[in-house]
Amino acid sequence: MCGLVGIVARSEVAVSLYDTLTVLQHRGQDAAGIATCDNGILNLRKDNGLVKDVFRTRHMRRLTGKMGIGHVRYPTAGSSSPALAQPFYVNSPYGLCLAHNGNLTNAAQLAEELYSEDLRHINTDSDSEVLLNIFAHELQQVGTMAPSPEDVFAAVEGVHRRCRGGYAALVLISGYGIVGFRDKNGIRPLVFGRRVHKGRAEYMLASESVALDSQGFSLERDVAPGEAVYIDVHGQLHTKLCAEPAEYTPCIFEHVYFARPDSLMDGISVYKARLRMGEKLAEKVKRLRPDHDIDVVIPIPDTSRTSALELANLLGVKYREGFVKNRYIGRTFIMPGQSERRKSVRQKLNAIELEFRGKNVLLVDDSIVRGTTCKQIIQMAREAGARKVYFASASPPVCYPNVYGIDMPAASELIAHNRTNEQVQELIGADWLIFQDLPDLIAASQEGNPDIKHFECSVFDGKYITGDVDAEYLQALEKARNDKAKSVSQRKKPEPPDEPARS
């Protein structure tokens, strides 16, 4: 899961790209990068770290130009090095930079085709570099000295013919414009917006609508599944459906965890969806335990707050903030290994003893993945004096790995995989554990946009909608994603250079 932004404007864009990446920082904390184009000259700065750490004044001064793209990275295979920071660059044709969110499920096959048939060299094991080279090859086949919008759209059509999986991407074509496109199922999000500067239109493409809000752009709409949106260097907007869309199935885990609550995705308010998750969960609590003895509902900050507040309201019990969060610790979900996650939870949260002592508390979280975090938090609640500790998840049990761009770990490391709710309850040390039902989660999101009939829910139901994910693929994925493999990757990570090369 990553964050993308692209801007074509009438004035310098570097500061706007930087500011927008800070707004999208929740989507990736491993690396950040910006590429700008100034009269056909590409300028690139990227490195491992948070946005505020990657970009200094000297870097921003070099990022000149009135169009550019930016990226914040979250490592989908647990690997981390400056070489994997985005945007990626290839010089032919025209000079291209790509920022990508998602995962290609046929990346290995495509890499082989690129080498043996397209005669293109891949320098990393990143599927984003594969995607860039596929686009570059397709554009080279149809392009002229000055690529037209139809040439760009033809290249995107070629990408959709060859690539499978979930992906949203932005490509900066040096001297010509920026194109954004989305997979045929619309799994990964992408929106675009418009603002007027001195009487002329400027455009932004981004992963979430909140990015547009931060820079004064008005949301036009979501990029449709299979659609490409091209803004040329003159600020003209061109759109085309470049693939016959498959069933529209956006990722429901965006609503559960990843997206900011103030975003609109696929016409759905993330905030409202999380409110409805709390409503559905409250209905289930009432159904299972009409005479419950819950004294207080306490969210595990930050993502679960909205659901927890509505849950408490409908149960008629107190809502309290029982944990204080250290804002300077990253999201533990994306930590590379169990030891780092365990260490981070205690650094990240501290219990307010007055809200726990002598009470039956219902802790609410957005989801339970490995169980590491919630087990420690339950222990913290007991140490703070809670009489009983109940635990509610605003989403169903996460039982299967994700293959479309979220680093859900190997199936064997998911606490709910092949376990009953009672077994999970015992493992995390709760007095009672309640999960959201999948139909209720779907209904909570679907109510915001009834035109979306289905969502990508593979982490909950094991159904991979692209139809190309089999047992062999999942076995290879498990080998790459387990914590042991990630710890080896971390040990092999090279030292970052003082100044990454300027393209």
- prompt: Checking side-chain contact (heavy atoms from CB on, under 4.5 Å) for the pair Val23/Gln215: CA distance, chi angles, key distance, verdict?
  reply: CA-CA 10 Å; Val23 171; Gln215 299 303 307; 5.7 Å; no
N/O donor-acceptor pair under 3.5 Å between [X] side chain and [Y] backbone:
{"X": "Glu456", "Y": "Ser458", "result": "yes"}
{"X": "Tyr404", "Y": "Thr466", "result": "yes"}
{"X": "Ser214", "Y": "Ala211", "result": "yes"}
{"X": "Asn101", "Y": "Cys2", "result": "yes"}
{"X": "Asp222", "Y": "Asp266", "result": "yes"}
{"X": "Asn185", "Y": "Thr249", "result": "no"}
{"X": "Arg382", "Y": "Gly429", "result": "yes"}
{"X": "Arg276", "Y": "Ala444", "result": "yes"}
{"X": "Asn48", "Y": "Ala31", "result": "no"}

Do the rings of [X] and [Y] sit parallel, tilted or perpendicular, given the 30° and 60° boundaries?
{"X": "Trp432", "Y": "Tyr390", "value": "perpendicular"}
{"X": "Tyr203", "Y": "Phe192", "value": "tilted"}
{"X": "Phe258", "Y": "Tyr74", "value": "tilted"}

Distance-minimising heavy-atom pair for Ala411 and Glu478: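 Answer, listing the atom of Ala411 first, then Glu478: N-OE1, 3.7 Å.
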- prompt: At their closest point, which heavy atom of Gly166 faces which heavy atom of Ile187, and how far apart are they?
  reply: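 Where Gly166 meets Ile187 most closely, the heavy atoms are CA-CD1, 4.0 Å.
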From [atom1] ([X]) to [atom2] ([Y]), nearest 0.5 Å:
{"X": "Ile415", "Y": "Thr372", "atom1": "CD1", "atom2": "OG1", "answer": "7.5 Å"}
{"X": "Leu170", "Y": "His71", "atom1": "CG", "atom2": "NE2", "answer": "9.0 Å"}
{"X": "Cys399", "Y": "Leu414", "atom1": "SG", "atom2": "CG", "answer": "7.5 Å"}
{"X": "Gln86", "Y": "Asp30", "atom1": "CD", "atom2": "CG", "answer": "10.5 Å"}
{"X": "Ser209", "Y": "Leu264", "atom1": "OG", "atom2": "CG", "answer": "4.5 Å"}
{"X": "Ile7", "Y": "Thr20", "atom1": "CD1", "atom2": "OG1", "answer": "4.5 Å"}

Can you find a heavy atom in the side chain of [X] that is under 4.5 Å from one in the side chain of [Y]?
{"X": "Val229", "Y": "Leu205", "answer": "yes"}
{"X": "Ile452", "Y": "Gln446", "answer": "no"}
{"X": "Val459", "Y": "Phe253", "answer": "yes"}
{"X": "Leu362", "Y": "Ile298", "answer": "no"}
{"X": "Met1", "Y": "Tyr257", "answer": "no"}

query: Among Arg387, Arg320, Glu355, Lys388, which residue meets the side chain to side chain contact (heavy atoms under 4.5 Å, CB included) test with Asp295?
result: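 For Asp295, the side chain to side chain contact (heavy atoms under 4.5 Å, CB included) check succeeds only for Arg387.
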Exceeds 12 heavy-atom contacts within 6.0 angstrom, atom OH of Tyr473: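 Above 12, so yes.
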message: For His454, I'd like to know if atom NE2 has over 12 heavy atoms of other residues, nucleotides or ligands within 6.0 Å.
response: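 Result for NE2/His454: open.
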query: What side-chain hydrogen bond (donor to acceptor under 3.5 Å, both in side chains) pairs are there with at least one residue in residues 282-291, not counting sequence neighbours?
result: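 Checked against side-chain hydrogen bond (donor to acceptor under 3.5 Å, both in side chains) - neighbours excluded - the pairs reaching residues 282-291 are Lys284-Asp437.
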query: Is a side-chain donor-acceptor pair under 3.5 Å present for Asp468 with Thr105?
result: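 Thr105 vs Asp468: donor-acceptor pair found between side chains.
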query: What do you reckon, are the aromatic ring centroids of Phe356 and Phe323 less than 6.0 Å apart?
result: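 Distance test on ring centres: under 6.0 Å, yes.
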query: Is any NZ, NE, NH1 or NH2 atom of the basic residue among Glu254 and Arg27 found under 4.0 Å from an Asp or Glu carboxylate oxygen of the other?
result: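 Arg27 and Glu254: salt-bridged.
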- request: Considering only NZ, NE, NH1 and NH2 on the basic side and carboxylate oxygens on the acidic side, decide whether Glu447 and Lys272 come within less than 4.0 Å.
  value: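 No salt bridge links Glu447 with Lys272.
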task: Step by step, work out the side-chain contact (heavy atoms from CB on, under 4.5 Å) result for Arg305 and Glu310.
output: CA-CA 9 Å; Arg305 281 194 170 111; Glu310 192 68 1; over 6 Å; no
- request: Decide side-chain contact (heavy atoms from CB on, under 4.5 Å) for Ile377 and Thr373; before the verdict, give the C-alpha distance in whole Å, the side-chain angles of both, and the deciding distance to 0.1 Å.
  value: CA-CA 6 Å; Ile377 290 173; Thr373 300; 3.5 Å; yes
query: After noting the C-alpha distance and the side-chain angles of Phe391 and Phe435, does the key distance pass the ring-ring contact (aromatic ring centres under 6.0 Å, His included) rule?
result: CA-CA 9 Å; Phe391 201 97; Phe435 283 103; 8.5 Å; no
- prompt: Step by step, would you call Leu98 with Glu129 a side-chain contact (heavy atoms from CB on, under 4.5 Å)?
  reply: CA-CA 8 Å; Leu98 172 137; Glu129 189 182 11; over 6 Å; no
